[in-house]
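To keep things clear, I will list the structure first and then write my remarks on it.
The model shown is predicted, which means the values in this text are computed figures rather than measured ones. Chain letters run A, B, ... following the sequence lines, proteins first, then strands; residues in each count from 1. Values below: all heavy atoms of this structure, side chains included; hydrogens, waters and symmetry mates excluded.
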2 protein chains.
Amino acid sequence: MARPPAGSRPPRNGGVTMADIGRLAGVTQVTVSRALSTPSKVSPQTLERIRDAIRRTGYVPNALAGALASSRSRLIAALVPSVTNIVYSSLLHAFSDIMWSHGYQIMLSEVGADPEREEQAIAAHLSRRPDAVLLTGVHHSPGARLMLVNAGIPVVEVWDLTETPIDCCVGFSHENAGRAAADFAWQAGYRSAATVTAAEERARRRRDAFADRFGSLSGSRPAGLDFGRAATLGSGRAALARLLEQGMAPGTVVFCSSDQFAQGILVEAAARGLAVPRDVAVIGFGDQDFAASTEPSLTTIRIDRQHLGRVAAEALLDRFAAEAPGPGVHDVGFTLTRRNSA
Amino acid sequence: MARPPAGSRPPRNGGVTMADIGRLAGVTQVTVSRALSTPSKVSPQTLERIRDAIRRTGYVPNALAGALASSRSRLIAALVPSVTNIVYSSLLHAFSDIMWSHGYQIMLSEVGADPEREEQAIAAHLSRRPDAVLLTGVHHSPGARLMLVNAGIPVVEVWDLTETPIDCCVGFSHENAGRAAADFAWQAGYRSAATVTAAEERARRRRDAFADRFGSLSGSRPAGLDFGRAATLGSGRAALARLLEQGMAPGTVVFCSSDQFAQGILVEAAARGLAVPRDVAVIGFGDQDFAASTEPSLTTIRIDRQHLGRVAAEALLDRFAAEAPGPGVHDVGFTLTRRNSA
DNA sequence: TTGAAAGCGCTAACAA
DNA sequence: TTGTTAGCGCTTTCAA
């Protein structure tokens with residue numbers, strides 16, 4: 001335990017209450033409550049005495065009790081597949097910044113790709129009575145949907161789009177992104193394509209859309225490589241090696257499910273003396289901070305994650321205020337950023 | 001709001017209480033409470049009826065009320081400088097995994113490098129009455145220390161070491177890491193060194209220790225470059241360019257405050273046709289997932305972040321159980337992983 | 001401007 | 001094995 005100077009017993013300011021402050025300031029507990037929530041309703045002198053008492057005791061209000069009494073916890077539950085994935089963590093960063101500035105705190109959980117685990121996490125979070133929930137993706141178990149609807153609080157689903165959100169959603173179309181990449185590749189003159197994809201549902205949807213479109217454009221469906229493991233530079237290198245083994249034609253464009261993969265392909269190509277994009281071209285996904293600085297720089301699909309996080313936060317804030325908010329579907333889109341790798 | 005089928009009014013299962021479940025099961029609220037916390041103390045038939053009622057109503061216990069009544073929130077507050085920095089997020093990942101499996105939830109906040117903001121965040125978190133707090137680093141404002149000590153709960157400071165933790169700490173010595181890099185570089189035969197450092201207090205301590213040691217070994221203090229911005233591949237490239245402009249001697253070893261910088265130097269060197277490590281050698285920090293797969297692979301300082309997170313979790317769990325835990329300082333160490341860049 | 005009273009939904013004794 | 005009684009520390013009326 002964090003221990004106070006030996007000898008004195010822990011003040012455990014969890015022990016100091018509004019009533020204590022009131023006693024010190026010569027008022028009742030209610031007045032202290034008012035001083036904190038609506039200072040304008042308390043006389044200046046009283047306010048001063050109360051503030052003084054708070055300072056002297058180091059009083060920290062008990063938000064648990066406050067939330068119980070008011071049924072507003074000022075807590076937002078956020079569930080992401082992974083915090084170590086920069087794509088989600090940067091989105092979260094923008095989101096929490098705004099929520100924080102409005103007095104909300106974030107309870108975060110990682111849920112991986114397992115719907116069962118997501119359901120458990122949702123239950124655990126709902127037990128804390130959050131004022132809203134942020135979920136990643138739009139596919140959730142019926143059980144999860146039910147709990148969320150029952151909770152009767154705003155829910156925002158991010159990083160994907162659906163016509164039937166639980167409440168509202170902010171994202172972009174992964175299918176469109178895949179198709180846009182295929183159209184770009186075709187128009188840029190590539191006549192052979194391949195895909196490298198991580199084991200993730202949305203990544204697969206991008207890949208499928210890419211393969212469908214490029215296949216119908218070129219007449220032959222691109223070869224695909226799936227990586228169960230997380231997308232890393234190392235697996236990107238391995239992917240190019242494997243593609244080459246399989247006899248990939250020179251001048252093929254490889255559509256990757258993440259910039260990590262793409263960078264790996266760049267590194268492996270360089271190690272093999274292959275020229276990019278002449279011998280092999282690469283399209284990434286995510287436009288991570290390194291994408292513009294690789295050699296050659298990465299052509300990739302960019303999602304403005306800052307903006308996405310901000311729109312998600314605003315959607316919730318809006319719902320806190322509105323009486324009967326409409327079911328909001330916010331498409332924040334994406335851009336194909338052409339650089340030098342394709 | 002997540003809305004139930006039109007027409008029916010929101011069950012808002014925040015509305016279903018233990019008393020409601022009791023009524024349905026023909027028992028009092030207390031028995032329901034027991035059924036949930038110590039099912040062994042409830043008869044099998046009663047238990048069955050209660051569980052049935054819970055299932056039918058979709059009841060979710062109110063953890064706010066529970067925490068208020070028991071003064072145990074099963075909440076852990078975690079404060080990290082940044083969630084988008086993989087170094088902290090992977091540590092957090094391991095930490096929360098364990099805490100979660102013991103029934104604790106994490107409340108996360110980013111606090112950047114601003115002590116003022118950290119203090120605010122600590123106050124906000126303490127108001128939720130967490131059962132413990134995790135902090136990054138060992139330098140905190142006097143105000144922050146005071147609040148934490150007053151709270152009387154376990155506190156673990158991670159990613160650094162001190163003789164005087166608020167409560168306990170789990171980390172490694174940044175000074176030792178810097179010196180180890182200098183010793184390694186000297187013994188590997190490098191006679192000229194430089195540093196590239198992000199604007200971060202711990203990074204600077206590593207750099208200073210490196211420069212001191214290498215300086216006393218070689219007789220001349222290494223040149224240093226500071227980057228205010230976050231460590232990115234792009235700034236690593238820029239760093240090498242700048243170092244070269246400044247007339248860095250061939251065969252210099254560059255000690256970076258992160259693997260991102262180091263990778264940037266690798267990329268820039270390749271782009272300039274410089275051989276690594278012959279023309280310029282590089283030592284990174286962090287051993288991120290890409291470090292083993294770069295070309296050439298990165299020599300870097302590795303911290304077992306999984307392990308660190310685990311030890312931090314165990315330290316807290318221990319303190320929850322122990323009567324009078326000793327002030328624990330856990331040095332998890334680091335290893336200099338030699339690969340091909342130096 | 002302040003206070004009194006009630007209650008948020010639980011847990012923790014203590015009884016029966 | 002179950003129930004009764006008291007709170008936990010606040011917010012929310014309503015009254016003064």
Side-chain angles (χ1 to χ4, degrees), chain A residues 11-50 53-54 57 59-75 103 126-131 151-152, chain B residues 11-51 53-54 57-75 103 126-131 151-152:
Chain A
R12 214 191 190 297
N13 68 9
V16 183
T17 68
M18 277 190 176
D20 296 330
I21 301 299
R23 231 160 281 135
L24 285 171
V27 292
T28 61
Q29 169 265 127
V30 204
T31 306
V32 179
S33 174
R34 267 192 286 259
L36 258 30
S37 54
T38 45
S40 62
K41 294 190 166 179
V42 173
S43 83
Q45 308 94 297
T46 310
L47 203 53
E48 194 36 61
R49 272 180 292 132
I50 289 176
I54 290 179
T57 54
Y59 168 70
V60 177
N62 186 327
L64 251 29
L68 182 60
S70 67
S71 4
R72 296 200 327 139
S73 62
R74 299 212 146 258
L75 226 41
L126 287 182
S127 77
R128 310 274 178 193
R129 298 298 187 263
D131 288 341
Chain B
R12 217 195 189 292
N13 67 9
V16 182
T17 69
M18 278 190 176
D20 296 329
I21 301 299
R23 230 161 279 134
L24 285 171
V27 292
T28 60
Q29 169 265 124
V30 201
T31 306
V32 178
S33 173
R34 268 193 286 261
L36 258 30
S37 54
T38 47
S40 62
K41 294 190 165 178
V42 172
S43 84
Q45 306 95 297
T46 312
L47 202 54
E48 193 38 60
R49 272 179 292 135
I50 290 176
R51 293 205 163 131
I54 289 179
T57 53
Y59 168 69
V60 177
N62 186 326
L64 251 31
L68 183 60
S70 68
S71 11
R72 298 202 321 141
S73 63
R74 299 211 146 261
L75 226 42
L126 286 181
S127 78
R128 309 276 178 191
R129 297 297 187 262
D131 288 342

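Between B:V32 and B:T17 there is no side-chain heavy-atom pair separated by less than 4.5 Å. Looking at A:L36 and A:Y59, their side chains come closer than 4.5 Å, going by heavy atoms from C-beta outward. Side-chain contact check for B:R51 versus B:I54: every heavy-atom pair is 4.5 Å or farther apart. Residues A:L68 and A:R129 are not in side-chain contact: their nearest non-hydrogen atoms beyond the backbone lie 4.5 Å or more apart.
Between B:S40 and A:L64, the residue anchored nearer the 5' end of DNA chain D, judged by the nucleotide with its closest heavy atom, is B:S40.
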Practice item. Assign a letter to each nucleotide of nucleotides 2-7 of chain D from its 5' end: B, base within under 4.0 Å of a protein heavy atom; S, sugar-phosphate only; -, no contact. Key: BBB--B
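Going from atom CD1 of A:I21 over to atom C1' of D:dC10 covers 14 Å, rounded to whole Å. Taking atom CE of residue B:M18 and atom C1' of nucleotide C:dC8, one finds them 14 Å apart after rounding to whole Å. Distance CG (A:L68) to P (C:dC8): 9 Å, rounded to an integer number of Å. We find that CZ of B:R72 is positioned 22 Å from P of C:dG9, with the value rounded to whole Å. Atom pair A:R128:CZ and C:dC10:P shows a separation of 13 Å (rounding to whole Å applied). Note: CG (A:N62) to C1' (C:dC10) measures 14 Å, nearest angstrom.
When the C1' atoms of four end pairs are superposed on the next four at each end of the helix from C:dT1-D:dA16 to C:dA16-D:dT1, using five pairs per end, the two resulting axes differ in direction by 30°, to 10°.
Listed pair B:S33 / C:dT11 meets the phosphate criterion, a side-chain N or O lying under 4.0 Å from OP1 or OP2. At least one side-chain nitrogen or oxygen of B:Y59 sits closer than 4.0 Å to the OP1 or OP2 atom of C:dC10.
Using modelled atom types, no side-chain atom of A:S127 and backbone atom of B:A63 make a donor-acceptor pair closer than 3.5 Å.
Each of B:I21, B:T46, B:L47 was scored for a side-chain contact (heavy atoms from CB on, under 4.5 Å) with B:T31, with one residue passing: B:T46.
To the nearest 0.5 Å, atom NZ of residue B:K41 and atom OG of residue B:S33 are 11.0 Å apart. Residue B:R128 holds its CZ atom at 11.5 Å from CG of B:L126, rounded to the nearest 0.5 Å.
The B:S70 side chain lies nearest to C:dA12 when the options are C:dG9, D:dC10, C:dA12.
Under the salt bridge (charged side-chain N to carboxylate O under 4.0 Å, His left out) criterion, B:D20 pairs with B:R23, not counting sequence neighbours.
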